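In this text, all values refer to a predicted model and were calculated from it rather than measured experimentally. Quick note: numbers below take in every heavy atom, side chains included, and nothing from hydrogens, waters or symmetry partners.
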Amino acid sequence: MPTTDFRISARDGRARTGAITTPRGTIRTPAFMPVGTAATVKGMMPESVRETGADILLGNTYHLMLRPGAERVDRLGGLHRFMNWGGPILTDSGGFQVMSLAGLRKLTEDGVTFKSHIDGSKHALSPERSMEIQRLLGSDIVMCFDECPALPADRKRIEESMRLSMRWAQRSRDAFGDRPGHMLFGIQQGGLEQDLRAESAEALTAIGFDGYAIGGLAVGEGQEAMFGCLDFAPDQLPEDRPRYLMGVGKPDDIVGAVKRGIDMMDCVLPSRSGRTGQAWTRRGQVNLKNARHADDPRPLDEDCTCPACRNYSRAYLHHVQRAGEMIAGMLLTWHNLHYYQELMGEMRDAIAAGAFDAFEARFHADRAAGDIDRL
């Protein structure tokens with residue numbers, strides 16, 4: 001089986017563009033990964049997700065282990081066949097969801113025991129079990145099992161959590177073994193503390209991974225603090241490996257992260273927003289539930305080529321959203337994912353042309369102008 005590869009083709013400041021080559025396809029970086037939590041991007045057909053420009057999807061270990069079960073997915077041919085997605089899939093480790101969703105969890109050196117948020121059944125996750133689940137799912141990029149404390153937290157808690165995650169990273173590496181064509185990413189922790197982040201990066205680099213994620217951000221610290229951490233954290237990680245910022249984010253978060261050297265991101269925001277009548281456009285966020293759109297025959301964004309903008313008016317999108325029709329979430333999710341992928345493409349082009357600063361200035365100017373005037 002062909003191996004994986006990461007090449008940087010251009011840089012502009014700390015921003016970089018390139019590609020991750022996998023047996024299932026090439027991932028253009030910087031890349032945004034739509035989230036397919038339970039083996040589906042909500043409101044979208046897989047082929048529609050591909051049409052938006054997505055090269056890779058994210059699947060969720062915690063949700064899939066609970067329902068339908070990793071062993072069942074394996075028996076049915078693996079996650080790619082199960083959900084009809086032929087491209088690369090990254091699966092998270094399950095650690096974050098255990099901490100944020102599961103009830104009555106107990107954390108030990110060995111791992112975490114917890115009760116399912118679905119039916120209260122008892123389960124256990126360890127580095128070894130997380131690696132086994134992700135192997136059964138057949139994901140192309142596997143994440144180490146880690147522990148992620150919510151911020152704010154005191155330094156002692158962050159320090160203990162980070163060092164536990166580093167011990168789990170070694171166990172994840174050992175359990176992953178040798179799997180040609182598949183990648184294993186380590187996850188840097190350490191909160192907002194520069195020295196703890198450096199210690200984490202040093203430990204991960206010593207173990208050796210195919211890529212490195214920056215974890216423990218976008219958990220309540222705010223954009224200013226997150227950017228402050230990203231001013232140093234990416235450069236603590238190996239320069240020749242992909243850098244993945246987990247769980248980010250809003251369009252301006254993404255632009256700021258790419259500016260600081262991030263190659264990959266994921267977030268539920270474009271699909272979740274689409275289901276609640278929120279559209280992301282180059283002019284900022286638009287709430288289709290607002291009455292101002294009820295008689296507006298214009299498209300959501302006249303420069304956008306997605307089906308929602310090409311074929312429907314703001315008045316229609318407002319109507320189906322207010323009426324609770326499923327098509328509302330479908331169309332707005334498609335639009336949001338299309339916009340996010342268009343944004344990534346514009347950044348890749350700008351980096352390649354050495355024009356990222358000009359792109360960033362235009363991006364913020366368009367957003368500052370606000371939505372089109374009401375009729």
With sequence neighbours left out, the residues meeting side-chain contact (heavy atoms from CB on, under 4.5 Å) with Asp373 are none

Review point. Taking atom types as modelled, is there a side-chain donor on Ser121 or His123 under 3.5 Å from an acceptor on the other?
Key: yes

message: Between Glu147 and Ser161, does the side-chain hydrogen bond (donor to acceptor under 3.5 Å, both in side chains) criterion hold? Intermediate values first, please.
response: CA-CA 6 Å; Glu147 202 239 337; Ser161 173; 2.6 Å; yes

* Asked: Between Asn60 and His63, is there a donor-acceptor pair closer than 3.5 Å when you use the side chain of the first and the backbone of the second?
  -> yes

Contacts of Glu193 meeting salt bridge (Lys or Arg N to Asp or Glu O under 4.0 Å) (sequence neighbours excluded), chain-then-number -> Arg155

Can you give the donor-acceptor pairs under 3.5 Å from side chains of residues 343-355 to other protein atoms, not counting sequence neighbours?
unit_1: Arg348; atom_1: NH1; unit_2: Pro30; atom_2: O; d: 3.0

(request) Could you label the plane-to-plane angle of the His335 and Tyr339 rings as parallel, tilted or perpendicular, counting under 30° as parallel and over 60° as perpendicular? (result) parallel

Hits for side-chain contact (heavy atoms from CB on, under 4.5 Å) against Thr26, two or more places apart or cross-chain, chain-then-number order -> Ala19, Thr21

Closer than 3.5 angstrom, by distance alone: can the side chain of Asp266 be matched with the main-chain N or O of Pro34 as a donor-acceptor pair? no

Residues 305-325 vs salt bridge (charged side-chain N to carboxylate O under 4.0 Å, His left out), sequence neighbours excluded, gives Arg314-Asp371

Tracing side-chain contacts under 4.5 Å among Ile, Leu, Val, Met, Phe, Trp and Tyr outward from Tyr244 reaches Phe6, Ile8, Ile20, Ile27, Met33, Val35, Ile56, Leu58, Leu90, Ile141, Met143, Met183, Phe185, Ile187, Met246, Met264, Val268

So the salt bridge (charged side-chain N to carboxylate O under 4.0 Å, His left out) pairs with at least one residue in residues 22-33 (sequence neighbours excluded) are Arg24-Asp140, Arg28-Asp55

Quick check against the 3.5 Å criterion: does Thr205 have a side-chain atom that pairs as donor or acceptor with the backbone of Ala201? yes

- Query: Do Asp235 and Arg14 sit within salt-bridge range, that is, some charged N less than 4.0 Å from a carboxylate O?
  - Reply: yes

Using the ring of each side chain (for Trp, its six-membered ring), is Tyr212 parallel, tilted or perpendicular to Phe209, with breaks at 30° and 60°? perpendicular

Check your understanding: Are the side chains of Ile262 and Ile214 in touch, meaning some heavy atoms are under 4.5 Å apart?
Key -> yes

Sorted by chain and number, sequence neighbours left out, side-chain contact (heavy atoms from CB on, under 4.5 Å) with Lys122 holds for Lys115

Sequence neighbours excluded, the answer for salt bridge (Lys or Arg N to Asp or Glu O under 4.0 Å) partners of Glu221 is none

Residue set satisfying side-chain contact (heavy atoms from CB on, under 4.5 Å) with Glu109, at least two apart, ordered chain then number -> Leu164, Arg167

Hits for salt bridge (Lys or Arg N to Asp or Glu O under 4.0 Å) against Arg129, two or more places apart or cross-chain, chain-then-number order -> Glu71, Glu132

Next item on the list: Using a strict 4.0 Å threshold on nitrogen-to-oxygen distance, state whether Asp154 and Lys156 make a salt bridge.
Entry: no

Q | Expected output: side-chain Thr91 to main-chain Thr61 donor-acceptor under 3.5 Å | A | no

Residues passing the salt bridge (Lys or Arg N to Asp or Glu O under 4.0 Å) test with Asp231, sequence neighbours excluded, are Arg260

- Message: Using the ring centroid of each side chain, check whether Phe145 and Trp168 are separated by less than 6.0 Å.
- Response: yes

ask   = Can Asp195 and Arg197 be counted as an ion pair, charged N to O under 4.0 angstrom?
value = no

request  = Using distance alone, with no hydrogens and no angle criterion, decide if Trp280 and Ser273 have a side-chain donor and acceptor under 3.5 Å apart.
outcome  = yes

- Message: I'd like to know if the side chain of Ser93 and the backbone of Gly95 have a donor-acceptor N/O pair within less than 3.5 Å.
- Response: yes

In terms of the angle between their ring planes, are Phe114 and Tyr62 parallel, tilted or perpendicular, with boundaries placed at 30° and 60°?
tilted

> Can you find a pair of side-chain heavy atoms, one from Phe82 and one from Arg72, that are under 4.5 Å apart?
Replying inline: no

